[in-house]
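Just follow the structure's listing: the first ligand is 1, and inside any ligand the first atom is 1.
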Amino acid sequence: MATSLIYKNGALYEAAMLALYGRHYFSRYRVIAGLIPDEASVLDVCCGPAVLYKRYLAKKRVDYTGLDVNEGFIRKLRSMGINGKVWDLRTDAPLPNADYVIMQASLYHFLPNASPVFGRMIDAARKQVIIAEPITNIATSRVSLLSKIGRRFTDSGHGEEALRFTEDTLDELFKRYGPLVKTSFLIPGGREKVYVLEK
Ligand SMILES: C[S@@+](CC[C@H](N)C(=O)[O-])C[C@H]1O[C@@H](n2cnc3c(N)ncnc32)[C@H](O)[C@@H]1O
């Protein structure tokens, strides 16, 4: 299965995300970095080109590991001396432990049943699981050309994925983890909703 163009190159990925999020692009990372204390250990699953680490977490001296199924992204990280591993989150192998386990804009890749991967993240976290997930996107647009473009550009190599979360379906998923959910809020611009779960 062919990986979409934006997942082939970190710079292209950043350009596409910048176009999508506009002036709120950087705050989507800044908000998450603000939840992580200096020198914590962080597991970033579906890390992509690890923008969160490179721009924000490196200066907090966190002990970082990024996991992604995309070999190109991980090869590039490792060439920069960043700890990254090729890892398919669809396999049921337990995830490496870390204080904070983070996933940004990737839970939709595991629909229609995101619970198993989410369960593995909870098992791996010593302190918190932080999920930020898009709740508005063009992949589910009623305009068929737009939805086609949205699906094509986020193909991780497993085929086009038509399913996406809405705020209601995300809230429904996290309701199951009720007592663990410490807080939830929208990022500036409202494209993603953040959920912080505490162990
Ligand atoms: C929209 S990008 C998000 C990247 C990064 N978290 C960010 O917010 O900038 C989604 C990422 O999920 C990765 N991905 C998709 N399916 C995966 C899987 N089964 N296992 C691991 N990574 C996966 C893709 O390769 C891609 O890097």
**Student:** Answer with side chain, backbone, both or neither: which part of Q104 has a heavy atom less than 4.0 angstrom from an atom of ligand 1?
**Tutor:** both

**Student:** So if I count the atoms of ligand 1 from 1 in the order they appear, which ones are less than 4.0 Å from some heavy atom of L89?
**Tutor:**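 Listed by number with element: 18 (C), 19 (N), 20 (N), 21 (C).
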
**Student:** With only distance considered, is D44 within less than 3.5 Å of ligand 1 through an N or O on each side?
**Tutor:** no

**Student:** So, applying ring-ring contact (aromatic ring centres under 6.0 Å, His included) with Y195, which one of F118, F174, F165 is it?
**Tutor:**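 Passing option: F174.
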
**Student:** Select one of side chain, backbone, both or neither to describe which atoms of A132 lie under 4.0 Å from any atom of ligand 1, heavy atoms only.
**Tutor:** neither

**Student:** Could you work out, with salt bridge (charged side-chain N to carboxylate O under 4.0 Å, His left out) as the rule, every residue matching R78, not counting sequence neighbours?
**Tutor:**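 Not a single residue meets the salt bridge (charged side-chain N to carboxylate O under 4.0 Å, His left out) criterion with R78.
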
**Student:** Just wondering, more than 12 heavy atoms not from K60 lying within 6.0 Å of its NZ?
**Tutor:** yes

**Student:** What I'd like to find out is whether the side chain of I130 reaches to under 4.5 Å of the side chain of M103, using heavy atoms alone.
**Tutor:**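 No; the side chains remain at least 4.5 Å from each other.
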
**Student:** Purely on distance, is any nitrogen or oxygen of L67 under 3.5 Å from one on ligand 1?
**Tutor:**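 Such a contact does not occur with ligand 1.
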
**Student:** I want to confirm something. Looking only at heavy atoms, which of L20, I32, D68 is nearest to atom 13 (C) of ligand 1?
**Tutor:** D68

**Student:** Could you see which bit of S106 sits under 4.0 Å from ligand 1, with heavy atoms only: side chain, backbone, both or neither?
**Tutor:**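 Answer for S106: side chain.
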
**Student:** What do we get for W87 next to ligand 1 when only non-hydrogen atoms under 4.0 Å count, side chain, backbone, both or neither?
**Tutor:**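 Just the backbone.
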
**Student:** Is Y108 touching ligand 1 with its side chain, its backbone, both, or neither, if touching means heavy atoms under 4.0 Å apart?
**Tutor:** side chain

**Student:** Mark up the atoms of ligand 1 that fall under 4.0 Å of a heavy atom belonging to N70, in ascending order.
**Tutor:** 25 (O)

**Student:** Would a 4.5 Å heavy-atom cut-off, applied to side chains only, mark L35 and V196 as touching?
**Tutor:**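 The answer is yes; the side chains approach within 4.5 Å.
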
**Student:** Atom NZ of residue position K54 - does it have more than 12 heavy atoms of other residues, nucleotides or ligands inside 6.0 Å?
**Tutor:** yes

**Student:** Does ligand 1 have an atom under 4.0 Å from some heavy atom of D88?
**Tutor:** yes

**Student:** Considering residues, nucleotides and ligands other than R23, do more than 12 of their heavy atoms fall under 6.0 Å from its CZ?
**Tutor:** no

**Student:** Any N/O of V51 closer than 3.5 Å to an N/O of ligand 1?
**Tutor:**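 Not met; the criterion fails.
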
**Student:** For the 3.5 Å polar cut-off, considering only N or O atoms, please tell me whether C46 and ligand 1 meet it.
**Tutor:**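 Yes; the residue has a nitrogen or oxygen that sits under 3.5 Å from a nitrogen or oxygen of the ligand.
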
**Student:** Taking non-hydrogen atoms only, is R28 closer than 4.0 angstrom to ligand 1 via side chain, backbone, both or neither?
**Tutor:** side chain

**Student:** Looking at F73, which atoms of ligand 1 are within less than 4.0 Å of one of its heavy atoms?
**Tutor:**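 Those qualifying, in numeric order: 27 (O).
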
**Student:** Below 4.5 Å, heavy atoms only, C-beta onward: do K127 and E198 meet side chain to side chain?
**Tutor:** no

**Student:** Looking at Y56, does the NZ or CZ of R30 lie under 6.0 angstrom from its six-membered ring centre and within 45 degrees of the ring axis?
**Tutor:** no

**Student:** Is I135 close to R191 at the side-chain level, that is, under 4.5 Å between some pair of heavy atoms?
**Tutor:**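 No. Closest side-chain heavy atoms not under 4.5 Å.
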
